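Both counts, for ligands and for their atoms, begin at 1 and track the order of listing. Because the structure is a prediction, the values reported are computed rather than measured.
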Amino acid sequence: MSGKRTFTMIKPDAVESGNIGNILQMISNAGFSIKAMKFTQLSEERAKAFYAVHAERPFYGELVDYMSSGPIVAAILEKDNAVEDFRTLIGSTDPAEAAEGTIRKKYAESKGRNAVHGSDSDENAQIEGEFHFDANEVI
Ligand code: UDP
Ligand code: MG
């Protein structure tokens, strides 16, 4: 059975372009509730660790530099079928391929600077949530 929680980040490009509020509104309108949230910035070391699964990919260095380049918003979200429904809400990795009305279609700049992160499985949602939040920070 699919789980009720997922993990997201509003990435540095979307924070810099002033879209935190717009993106949170879309997340709320889609029926997600916030169980934890913080405004923070990843160090280079923490960005490397978060994206360690991509360490062998050609874009890893650029991804780490970008994700540590400015503040982000990290959040744990709750909804039935959270992981899959949130991936639908954010759209394809590349905004050029993302469906109309998705967060990435509206706010992403490029395949790399793509406005938001969304966990790809229940297991990773749990791991990524714990990467950013202590148990006492989660409602
Ligand atoms: N990324 C990139 N170039 C690529 C693929 C991915 O810069 O060709 C970046 C992009 O920011 C993406 C992140 O790496 O969101 C993680 O990639 P993944 O394939 O997991 O995409 P996502 O799950 O975020 O859609
Ligand atoms: Mg991914």
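Remark: ligand 1 and R87 share an N or O pair separated by less than 3.5 Å (distance only, no angle test). At under 3.5 Å, a nitrogen or oxygen of H54, whether backbone or side chain, sits near a nitrogen or oxygen of ligand 1. Checking only distances, K11 does come within under 3.5 Å of ligand 1, N or O to N or O. Considering backbone and side-chain N/O of G112, one or more are found under 3.5 Å from N/O of ligand 1. Every N/O-N/O distance between R57 and ligand 1 stays at or above 3.5 Å.
If you check which protein heavy atom lies closest to atom 12 (C) of ligand 1, you get N114 ND2, 3.6 Å. Remark: minimum distance from atom 22 (P) of ligand 1 to any protein heavy atom is reached at T93 OG1, 3.6 Å. Here the protein heavy atom with the shortest distance to atom 8 (O) of ligand 1 is K111 CE, 3.4 Å.
R104 counts as a contact of ligand 1, since one of its heavy atoms falls under 4.0 Å from the ligand. At least one heavy atom of L63 sits closer than 4.0 Å to an atom of ligand 1.
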Derivation and outcome, side chain to side chain donor-acceptor pair (under 3.5 Å), residues E128 and S119: CA-CA 8 Å; E128 291 169 0; S119 303; 2.7 Å; yes
Stepwise ring-ring contact (aromatic ring centres under 6.0 Å, His included) check, F131 with F50: CA-CA 8 Å; F131 183 93; F50 186 88; 5.4 Å; yes
Test side chain to side chain contact (heavy atoms under 4.5 Å, CB included) applied to I10 and I72, step by step: CA-CA 5 Å; I10 301 176; I72 61 165; 6.0 Å; no
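Of the inter-residue distances, the one linking R113 atom CZ with S17 atom OG reads 8.5 Å to the nearest 0.5 angstrom. Distance OH/Y107 to CD1/I20: 12.5 Å, rounded to 0.5 Å.
Using a 4.0 Å cut-off between heavy atoms, M67 makes no contact with ligand 1 at all. At a heavy-atom distance under 4.0 Å, no atom of H117 approaches ligand 1.
Within the 3.5 Å criterion, the main-chain N or O of V116 finds a donor-acceptor partner in the side chain of R104. With K48 contributing its side chain and Y60 its backbone, the two residues share no donor-acceptor pair below 3.5 Å.
In this structure, Q41 places its CD atom where more than 12 heavy-atom neighbours from other residues, nucleotides or ligands lie under 6.0 Å away.
In this comparison of F50, Y60, Y51, F59, the heavy atom closest to atom 4 (C) of ligand 1 sits on F59.
With F86 as the aromatic partner, K79 does not meet the cation-pi criteria of under 6.0 angstrom to the ring centre and within 45 degrees of the ring axis.
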